[in-house]
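Take a look at the structure set out below.
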2 protein chains.
Amino acid sequence: MENAVECSIEKALNIIGGGKWSFLVLRELFEGTKRFGELQKAINNISPKALTDTLRHLERNEIVIRTAYPTVPVTVEYSLSEKGHALHKILKEMKLWGGLNGRNIRGCLNSFCNIFNVNEPFFMGKR
Amino acid sequence: MENAVECSIEKALNIIGGGKWSFLVLRELFEGTKRFGELQKAINNISPKALTDTLRHLERNEIVIRTAYPTVPVTVEYSLSEKGHALHKILKEMKLWGGLNGRNIRGCLNSFCNIFNVNEPFFMGKR
DNA sequence: TTTAGCTAGTATAAAATTTATAGTAACTAT
DNA sequence: ATAGTTACTATAAATTTTATACTAGCTAAA
């Protein structure tokens, strides 16, 4: 277990989270404070467990702040810490790139697949 | 299977790859053209299968260009396409953030775990 | 002429992670 | 009493990732 050397990109990735949902949770929280149910509705196909795990991970890494209010039933709000807000530039560049380079590619590949009757090549695995 | 709506961030993430290795492969390729063996050596703990899968994925999405030379044994080089180069800004911001916010956190948490004898809280799962 | 070594991978099974599904507490509203 | 709310947890099943060994097609050394 030699974790000695770790570049800044690895550091960032490890803190943000290896999971595939972190960036999408962050995307939602950049819009402002949100509740569990709102996040679940906004993020397509995320399971409550995956959401809980992602939020806990981000919380432990001081990116997300969890605030529980003693209402009935309990109300829990999630927001970004300062460190979390600092991630905005990454997301911004990602959005820019996705907007410029992501156009129709998925649709094209899906069409390709349909026409030639081959496996969906877009993701590395099945969904 | 409704893939109808997809924000730019999702587009970017889907193209870059859900896998946990894509960003690290990209990091290496920003340094210039590299070969399979070089990438494997440079990226800690990546298995040849994971590397192959990641490279194929990036290739299919036109981010990485694979060039095979008919030498003996065969020589294969991987480099970034123009679209791949355009990802540089994302990586740059990630590196910046990681440099500023990633310092010692892992070490601190590991120490915390040792002292209080709790599970490693840094990753979402076990490694 | 066996032996080992190289590159760029595959094949397979085992391990780990992620998902789906159902269920929980502790209430409120009807 | 019944259904509905929120923020989750538990469990097993499905999927993904990893480890391990193996391949082709050569070269270079002993």
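What you see is a predicted model, and the numbers here were worked out from it, not measured in a lab. Residue numbering restarts at 1 for every chain, and letters A, B, ... go by the order of the sequence lines.
To the nearest angstrom, C1' of D:dT18 lies 11 Å from CD1 of B:Ile46. Put simply, CG on B:Asp53 is 11 Å from C1' on C:dG9, counting in whole angstrom units. Atom CD in B:Gln40 sits roughly 12 Å away from atom C1' in D:dA19 (whole-Å rounding). When the P atom of D:dA19 is taken as reference, atom CG of B:Asn44 falls 11 Å away, rounded to whole Å. For the pair B:Asn45 CG and D:dT18 P, the computed distance is 9 Å after rounding to whole Å. Atom CG in B:Leu55 sits about 11 Å away from atom C1' in C:dA8, given to the nearest Å. Computed from coordinates, the B:Lys34 NZ to C:dT7 P distance equals 15 Å when rounded to whole Å. Residue B:Lys41 contributes atom NZ, which lies 12 Å from atom C1' of C:dA8 at whole-angstrom precision.
Within a 6.0 Å sphere centred on CD of A:Glu31, other residues, nucleotides and ligands contribute more than 12 heavy atoms. When the shell of 6.0 Å around NZ of B:Lys34 is examined, it contains more than 12 heavy atoms from other residues, nucleotides or ligands.
Here A:Trp21 reaches the OP1 or OP2 of C:dT19: one of its side-chain N or O atoms lies under 4.0 Å away. Taking side-chain N and O atoms only, B:Arg35 has no distance below 4.0 Å to OP1 or OP2 of C:dT7.
Annotation: the span from A:Leu29 atom CG to A:Ile63 atom CD1 amounts to 10.5 Å, rounded to 0.5 Å.
Here the side chain of B:Val72 is nearest to one of D:dC26, D:dT6, C:dT28, namely D:dC26. Distances were taken from every side-chain heavy atom of A:Pro48 (C-beta onward) to each of D:dA7, D:dT9, C:dT19; the shortest belongs to D:dT9. Residue B:Pro73 places its side chain closer to C:dC6 than to any other of C:dA20, D:dC8, C:dC6. Among D:dT6, D:dC8, C:dT10, the nucleotide with an atom closest to any side-chain atom of A:Thr52 is D:dC8. Counting only heavy atoms from C-beta on, A:Arg66 has its side chain closest to D:dC8 among D:dC8, C:dA8, C:dC27. The nucleotide whose nearest atom lies closest to any side-chain atom of B:Lys49 is, among C:dA8, D:dC8, C:dT12, C:dT12.
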Show your working on side chain to side chain contact (heavy atoms under 4.5 Å, CB included) between B:Thr75 and B:Arg35 and close with a plain yes or no.
CA-CA 8 Å; B:Thr75 304; B:Arg35 292 166 64 184; 3.5 Å; yes
Checking A:Glu59 against A:Arg56 for the salt bridge (charged side-chain N to carboxylate O under 4.0 Å, His left out) test, could you report, in this order, the C-alpha distance in whole Å, the side-chain angles of both residues, the deciding distance, and whether it holds?
CA-CA 5 Å; A:Glu59 217 191 315; A:Arg56 291 288 169 281; 3.5 Å; yes
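When heavy atoms are screened at a 4.0 angstrom cut-off, A:Thr75 is found touching the sugar-phosphate backbone but no base atom. B:Tyr78 comes within 4.0 angstrom of the backbone, heavy atoms only, and of no base.
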